[in-house]
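What follows is a single structure, written as structure tokens, with notes after it.
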2 protein chains.
Amino acid sequence: MDTRNQIASAADRLFYERGYDVTSFADIAECVGLSRGNFYYHFKTKDEILSAVIALRIANTRRMLDAWEAESETPAERIRSFINILIVNRTKIMAYGCPVGSLCNELAKLDHVAKTDAAALFTLFQEWLARQFCALGRETDADALSLHLLMRSQGVSTLATAFRDETFIRREVDAMHTWLEAHISERSPPAQSVSSQTV
Amino acid sequence: MDTRNQIASAADRLFYERGYDVTSFADIAECVGLSRGNFYYHFKTKDEILSAVIALRIANTRRMLDAWEAESETPAERIRSFINILIVNRTKIMAYGCPVGSLCNELAKLDHVAKTDAAALFTLFQEWLARQFCALGRETDADALSLHLLMRSQGVSTLATAFRDETFIRREVDAMHTWLEAHISERSPPAQSVSSQTV
DNA sequence: AGAAAATTAGGACAGTTGCCCTAATCGTAC
DNA sequence: GTACGATTAGGGCAACTGTCCTAATTTTCT
């Protein structure tokens with residue numbers, strides 16, 4: 001792996017575990033084993049590193065979604081893969097929260113130019129989930145359903161970080177699975193009545 | 001208002017709008033109209049300011065919960081007040097997220113000593129909600145139901161910040177109200193089967 | 001082997017950080 | 001009016017920040 005990518009993935013980890021603003025050039029350099037001065041050769045500004053990290057995360061997310069698509073036979077099974085990242089990544093989530101949600105929030109507070117780029121990570125998940133719901137015959141409310149699921153996974157992440165309660169995660173994951181089952185068997189509702197009844 | 005409280009409430013606002021770590025002594029001092037040097041007289045360390053902010057937030061939250069308790073006749077109406085903060089504070093939430101959730105996440109990443117103190121803010125809401133659910137006859141799963149509601153409000157906050165979509169907030173708030181209605185009329189489930197079916 | 005290019009380390013830069021000290025000013029009580 | 005404690009402003013501290021430059025080293029190509 002070339003140095004530029006090494007820096008990007010080190011920054012990726014540090015931004016997640018410590019936060020964007022609090023992570024310094026020196027931290028990343030030390031993590032990669034580079035001298036502080038040489039850093040400038042690869043990245044001119046901190047914003048540039050952030051862009052690289054977001055691009056890396058987008059690529060990794062795409063890869064993960066593609067893998068779920070390949071591994072699973074049915075759309076429902078794919079959505080279940082999404083729900084289960086809460087279990088798979090529970091340790092890191094309890095320590096640092098969701099990488100996407102926490103980055104978006106920090107950039108929003110900083111009013112950083114890249115805040116919309118970071119939000120695109122959410123869109124990636126959202127559109128993928130919506131496609132699965134469409135395949136399940138929920139064309140009318142696929143967007144609402146996918147946003148609802150995304151919302152629940154974010155809420156679980158935040159509370160899991162605050163309380164560090166693994167049984168809470170498992171209980172809510174179970175609830176998400178049951179919710180999904182209920183919405184698979186159900187017929188797609190008529191347009192305009194998407195919201196309160198169905199979600 | 002004495003200077004100490006002025007400082008605490010200025011820090012409260014800045015910690016919410018910009019983040020804890022990124023806010024400096026100088027920022028707070030300027031906000032209150034104090035000289036940077038004089039600051040040390042009121043607060044010796046930054047941790048001390050954070051403690052004061054958390055204490056202030058706990059007091060304010062208690063006051064708000066008491067007000068909801070006084071204003072509303074029924075427990076269901078009180079829970080509806082909680083759900084509706086998402087609407088009432090939607091502008092700030094779309095800009096900065098939830099004050100409690102974002103602080104807890106930042107302190108978790110910093111591995112700050114006060115991270116459990118900040119999480120106590122969540123507990124305040126959780127116990128209050130659980131008491132309302134108990135009053136509704138849901139003694140068996142009051143904790144799970146209150147955590148579920150808290151989780152949803154956190155998820156909505158996070159996505160609202162990322163997408164800045166007000167209709168999303170309103171749709172999910174409607175869904176939370178419908179969820180509440182369904183769980184008021186329902187009979188309390190037998191113990192041990194709390195999770196997936198009821199939530 | 002030698003020239004050219006890529007990559008490196010080290011340090012300088014102005015600005016900011018949390019923290020701390022001191023000397024001056026303020027309001028109040030006697 | 002004067003003494004005294006509370007509060008203030010100003011500045012200094014070492015450490016760190018993002019950024020930038022230069023000179024040395026390494027790698028690559030002919």
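In what follows, every chain begins at residue 1, and chains take the letters A, B, ... in the order their sequences are listed. Computed from a prediction, not measured in an experiment: that's the story for all the values here.
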To the nearest Å, give me how far apart CD1 (A:I28) and P (D:dT19) are.
11 Å
Rounded off to whole Å, could you give me the CZ-to-P distance for the A:F43 and D:dG18 pair?
14 Å
Salt-bridge test for B:R80 and B:E181: reply yes if a basic N is under 4.0 Å from a carboxylate O, no otherwise.
yes
Of B:R36 and B:H42, whose closest DNA chain D nucleotide lies nearer the 5' terminus?
B:H42
Short side-chain N/O contact to D:dT8 OP1/OP2 from B:T3, under 4.0 Å:
yes
Using distance alone, with no hydrogens and no angle criterion, decide if B:E69 and B:W128 have a side-chain donor and acceptor under 3.5 Å apart.
yes
In whole angstroms, the gap separating P of D:dA15 from NZ of B:K46 amounts to 19 Å
Angle between ring planes, A:F163 versus B:F122, binned at 30° and 60°: parallel, tilted or perpendicular?
tilted
Atom CD of B:Q6 to atom P of D:dT7: distance rounded to whole Å?
13 Å
With distance as the sole criterion, is a donor-acceptor pair present between the side chains of B:D165 and B:T167 under 3.5 Å?
yes
Can you measure A:E48 atom CD to D:dC20 atom P for me and round it to whole angstrom units?
11 Å
Nearest of C:dG18, D:dT7, C:dC20 to any side-chain atom of B:Y40?
C:dC20
Separation of atom CD in A:E30 from atom C1' in D:dG18, rounded to whole Å:
17 Å
Can you see whether B:N105 engages B:S102 through a side-chain donor-acceptor pair at a distance of less than 3.5 angstrom?
no
Expressed as a whole number of angstroms, how long is the span from B:L110:CG to C:dG18:P?
13 Å
Would you kindly give the CG-to-P distance between B:N5 and D:dT7, to the nearest whole Å?
12 Å
Choosing from C:dG18, D:dG18, C:dG10, which nucleotide comes nearest the side chain of A:S35?
C:dG10
Against the side chain of A:Y41, the closest entry in D:dA6, D:dG18, C:dA6 is C:dA6
Comparing A:D27 with A:N38, nearest DNA chain D nucleotide closer to 5' gives the residue A:D27
